[in-house]
Amino acid sequence: MQNKYERQISLDGFGVDGQNRLSKAVVALVGVGGVGCAALPLLVGAGVGRVVVFDCDTVSMHNLHRQTIYVEPEVGRNKAESAAERFARLNSDVRLEAYNFKISDDKRSFNLLSECDICIDATDSFQSRLLISSICRGLGIRLVMASAEGYVSQRICMGNGFYLNDIISDSGASGEPAKGRPIFPPAAHLSGVLAASAAMRSIVSEESFNFGEILSFDHLTSKFHTYRLVN
Amino acid sequence: MKIVANSKTFEIRDNLKISDFISDMGLNPRRCVVELNGVAMKFSDFENLFLKEGDVLEIMRVVAGG
């Protein structure tokens with residue numbers, strides 16, 4: 001029987017050891033909207049051992065232009081449950097858990113995130129992102145923030161004492177809910193792909209994770225820019 | 001004096017702080033990171049820095065959407 005992972009195991013720097021690390025890893029994915037729905041199938045397909053998905057939102061018709069894992073008959077369904085149901089069939093090696101609640105500063109959120117090796121923040125507001133960042137700082141776990149707006153995709157790699165409130169010093173941001181601003185569908189997906197890439201690389205090769213690296217891609221100019229805030 | 005910001009040339013007044021330049025562009029500097037002549041900085045690093053002739057600035061507004 002063919003090994004389902006042979007095309008990634010054969011990569012330089014990956015190997016059987018990398019696959020074993022992936023299979024033992026626990027990744028939290030907070031948010032399965034435009035960004036998270038691009039990251040989730042990559043994590044599951046690659047064989048991350050346990051993927052813990054959080055989202056309390058329901059599928060809306062105006063989500064479907066970019067949240068393409070959902071279909072029209074699912075409007076009104078919880079996103080975490082729908083996404084987990086869909087991708088459970090992608091890879092039976094993966095333990096995929098769905099939590100229909102919003103991450104908050106409580107024991108349940110803290111306990112679940114404390115079981116994770118790395119967290120991907122794919123939410124949609126500074127309010128949620130600063131909270132997730134604060135929890136991850138308290139737990140000392142790695143955090144990949146993936147976001148998009150307009151024609152821009154962004155990814156920020158955090159941990160090792162560097163978290164979101166080190167770069168967002170606006171006191172109003174922590175109370176700011178989702179804005180529902182215009183968004184180019186590929187911008188959301190690219191952020192999710194970049195987040196999955198950073199998380200998987202971090203698991204396979206810990207030293208590959210660049211704390212303080214901020215990556216931005218402008219879909220209008222087709223230009224990437226990388227900022228390195230921590231050396 | 002002239003500076004370059006996000007690949008465009010700007011004629012600016014003397015004694016202009018980076019944070020004020022960003023505000024003048026309609027952005028909140030407390031939600032931006034910049035790269036000044038190749039060196040990345042967060043707000044607390046650049047809030048008291050003044051622009052100089054020939055500076056090359058890259059400004060990124062951190063976004064939260066998804």
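If you're wondering where the values come from, they're calculated on a predicted model, not measured in any experiment. Every chain is numbered from 1, with letters handed out A, B, ... down the list of sequences.
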So Glu58(B) and His225(A), side chain to side chain contact (heavy atoms under 4.5 Å, CB included) or not? Walk me through it.
-> CA-CA 9 Å; Glu58(B) 199 67 40; His225(A) 197 93; 3.5 Å; yes
For [X], which atoms come within 4.5 Å of any heavy atom of chain B: side chain, backbone, both, or neither?
{"X": "Ser169(A)", "result": "both"}
{"X": "Ile167(A)", "result": "both"}
{"X": "Ala173(A)", "result": "both"}
{"X": "Gln127(A)", "result": "neither"}
{"X": "Thr226(A)", "result": "backbone"}

Spacing of OH belonging to Tyr227(A) relative to NZ belonging to Lys42(B), to within rounding of 0.5 Å =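 Rounded to the nearest 0.5 Å, the OH-NZ separation comes to 15.5 Å.
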Check the surroundings of atom [atom1] in [X]: do more than 12 heavy atoms from other residues, nucleotides or ligands lie under 6.0 Å from it?
{"X": "Asp106(A)", "atom1": "CG", "value": "yes"}
{"X": "Glu72(A)", "atom1": "CD", "value": "no"}
{"X": "Tyr151(A)", "atom1": "OH", "value": "no"}
{"X": "Glu115(A)", "atom1": "CD", "value": "yes"}

With side chain to side chain contact (heavy atoms under 4.5 Å, CB included) as the test, would you mind laying out the steps for Phe126(A) and Val62(B) before giving the verdict?
-> CA-CA 10 Å; Phe126(A) 277 117; Val62(B) 178; 4.2 Å; yes
Per-residue contact mode, Val34(B) against chain A (heavy atom under 4.5 angstrom) =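 Backbone only.
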May I ask you to decide if Val63(B)'s main-chain N or O and Gln154(A)'s side chain share a donor-acceptor pair within less than 3.5 Å?
->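 Judged by distance alone, yes, a pair lies under 3.5 Å.
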So which heavy atom on Met60(B) is nearest to which on Ser216(A), and how close?
->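 What the structure gives for the nearest pair is SD-CB, 3.6 Å.
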Looking only at non-hydrogen atoms, find the nearest pair between Arg31(B) and Ile168(A) and report the distance.
->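 Closest approach of Arg31(B) to Ile168(A), heavy atoms only: CA-CD1, 3.7 Å.
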